[in-house]
Amino acid sequence: MRSRLLVVTAALAAGALAPAASAVPWSDGSTAVAFTLSGDPGGLAISVADSAFSIATTGAGASSVSGSLGIITVTDPRGSLAATWTATVSATDFITGTGTADETVVRSGISYSSGPGSALAGQVGAMAPSLRASLGSSAAAARWTGVGDSTVTWNPTLTFALLASQVAGTYAGAITHSVA
Amino acid sequence: MNSHYKDGMRLRTLLATTAVLAALAPATSHAAATDSGLGIRLLDAPTALRNDPRARIYIIDHVVAGTVLTRHVGVSDNTDKPLRAALYVGGASIDKGSFFPSERGTPSELGSWSTVTPSSASLQPRQSATAEVKIRVPKDASDGERYGVIWAELPPIGGAVKTVNRVGIRIYLSVGNGPAPKSDFTVTQLQAQRTSDGIPAVIAQVRNTGQRALDMNGSLSLTNGPGGLSAGPFPATLGTTLGIGQTEPVKVVLPQAITGGPWTAKLTLQSDQISHAVTATITFPAAGKTAPPVKAVPATKEKGFAVFATIAGVLIGLLALGLFLLLWRRRRDKKDEPETG
């Protein structure tokens with residue numbers, strides 16, 4: 001009985017926040033009828049700290065080098081009863097000089113750990129972190145499942161696997177975060 | 001070692017969230033952070049899916065080939081600086097219980113069918129803009145569900161290491177004649193386990209038996225435990241997305257204080273407007289062990305059976321009473337006969 005009560009109340013709480021559907025018909029295409037969603041004007045949002053990111057230099061012969069990317073913040077003000085988002089991360093190869101084999105860290109040699117992440121107090125839900133996810137292909141960086149709004153931050157650690165013959169230099173590449 | 005630490009962290013977060021759930025803090029309004037970056041949201045949805053909570057946040061539709069769909073999205077700059085966002089549609093796939101968007105530039109059907117107008121938005125600080133998304137489903141498109149995302153993407157920032165951010169709205173577009181394909185799922189079994197540092201969890205095997213992708217969420221309650229204890233509900237920890245025909249585990253992590261049992265576990269899972277509850281009697285094993293899987297019984301069927309059994313019981317009772325009365329009366333009549341005759 002208690003559990004049912006809880007679920008109902010949670011539904012009500014979320015329902016109050018859920019975008020109110022007003023019947024404003026839309027006419028276009030064959031899915032002619034649409035209704036307008038109103039709610040928080042912000043929508044699902046992502047931001048990454050502006051700070052210039054660089055990986056700590058390492059002595060010759062190190063097998064890997066790590067650094068933190070800076071704070072990632074995902075905000076979900078949509079107030080859904082089943083509020084879920086997934087952040088995926090992908091990388092390019094990192095190259096220096098002309099990008100020969102010894103001047104390249106291939107993307108499959110880059111791994112991503114989100115760390116535990118932190119949510120604002122009072123939020124209902126949990127973040128599933130990632131641990132040493134290989135960026136050989138797109139990987140889940142973090143997933144959130146909860147009820148209602150959420151703001152979650154994490155400071156990921158990137159680890160680059162280095163060759164024994166890796167050339168010293170400033171390596172350039174890109175890391176993309178996608179939240180949907 | 002590291003993963004134990006992780007589990008510990010996760011449990012702490014979970015415990016905190018469970019406590020919040022129990023306290024029913026409706027604290028959601030303060031979550032509107034002042035500087036949340038680039039935002040996107042859906043501005044309209046089909047009337048037919050008015051009651052589908054997913055249709056409020058994702059583009060979900062079922063159309064015949066040849067249809068042109070139009071939706072509107074709002075893109076917002078939630079910072080104090082102007083932003084320029086590229087707007088486009090990319091493909092996505094569902095794999096290992098997760099929704100995986102393709103990288104930009106990866107060819108996809110949805111990407112080639114869609115146009116976003118304008119294709120980029122210059123946003124002033126704290127301002128938002130509206131864009132129109134048109135999805136032209138070709139006449140010769142094969143039946144089936146397509147996945148994709150409408151993206152708002154910021155240009156790369158940073159020095160040598162560039163970071164790119166994009167935020168999007170998922171698209172689950174089903175193409176085919178006739179009514180929308182059914183969505184459904186079954187929960188076949190529940191399995192109790194306890195990690196080596198003593199954290200209990202329940203793992204449910206969920207199979208998508210319908211013709212559309214599902215986004216699972218739900219909770220687990222424990223009743224009839226040792227000494228009549230009850231616990232929960234505990235939220236399922238992963239936002240598992242299940243592709244058509246796929247079977248994936250949905251995990252519910254519980255507080256360490258949950259004792260062995262046996263417990264009657266009731267797991268309620270839902271996606272869109274479909275909800276199924278199952279029960280099973282589970283016992284949490286010792287640390288580091290996983291109990292054998294237990295077949296899950298639909299809770300509704302059980303309830304239905306209980307109602308049936310009650311009605312049957314009452315009917316049988318009435319019948320017995322009637323029979324007894326009849327016999328008793330006959331006996332009395334027989335007894336009466338010689339006296340009167």
Side-chain angles (χ1 to χ4, degrees), chain A residues 3 6 9 13 17 19 21 26 28-31 33-37 40-48 50 52-54 73 75 77-82 84 86 88 90 116 120 122-126 128 131 138 140 143 145 148-151 170-180, chain B residues 6 9 13-14 17 20-21 24-28 31-33 35-47 50 53 56-57 61 63 67-70 74 76 78 98-101 103 128 149 156-168 170 215 217 221 232-233 237-239:
Chain A
S3 72
L6 278 173
T9 337
L17 289 156
W26 213 275
D28 204 331
S30 78
T31 47
V33 201
F35 64 93
T36 307
L37 301 166
D40 189 289
L44 184 65
I46 183 175
S47 77
V48 172
D50 266 354
F53 162 78
S54 66
T73 306
T75 307
R78 297 174 297 186
S80 305
L81 180 55
T84 303
T86 302
T88 45
S90 62
L120 287 184
Q123 289 179 178
V124 179
L131 183 63
S138 290
R143 291 198 287 186
T145 308
D149 299 350
S150 63
T151 296
T170 301
Y171 283 74
I175 302 285
T176 301
H177 280 90
S178 306
V179 179
Chain B
K6 270 260 142 54
M9 282 311 291
T13 322
L14 254 169
T17 51
V20 166
L21 193 65
L24 271 175
T28 31
D35 219 3
S36 56
L38 176 68
I40 190 168
R41 74 182 196 93
L42 188 61
L43 297 177
D44 44 23
T47 312
R50 187 179 285 274
R56 294 171 173 277
I57 54 170
D61 217 332
V63 297
T67 303
V68 180
L69 251 97
T70 307
S76 57
N78 309 315
S98 207
F99 189 91
F100 276 106
E103 287 163 43
S128 59
V149 181
I157 51 164
V161 180
K162 300 265 190 286
T163 53
V164 180
N165 291 327
R166 51 179 192 169
V167 61
R170 297 185 194 181
D215 287 300
N217 67 86
S221 304
T237 50
L238 297 181

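None of the values given here were measured: they were computed from a predicted structure. Order of the sequence lines sets the chain letters (A, B, ...), proteins ahead of strands, with each chain counted from 1.
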Subject >> Contact summary for B:Leu42 and B:Ile57, nearest pair of heavy atoms >> reply: CD2-C, 4.2 Å
Original post:
With a 4.5 angstrom heavy-atom cut-off, which part of A:Ser178 approaches chain B: side chain, backbone, both or neither?
Top reply: both
Original post:
Relative to chain B, which segment of A:Thr88 carries a heavy atom at a distance below 4.5 Å: side chain, backbone, both, or neither?
Top reply: side chain
Original post:
B:Arg166: what forms a salt bridge (charged side-chain N to carboxylate O under 4.0 Å, His left out) with it, not counting sequence neighbours?
Top reply: none
**OP:** State, yes or no, whether a side-chain contact exists between A:Thr151 and A:Thr73 at a heavy-atom distance under 4.5 Å.
**Re:** yes
**OP:** Please state whether the side chain, the backbone, both or neither of B:Pro101 comes within less than 4.5 Å of a heavy atom of chain A.
**Re:** both
**OP:** Measure the spacing between CG of B:Leu43 and OG of B:Ser128 and express it to the nearest 0.5 Å.
**Re:** 8.5 Å
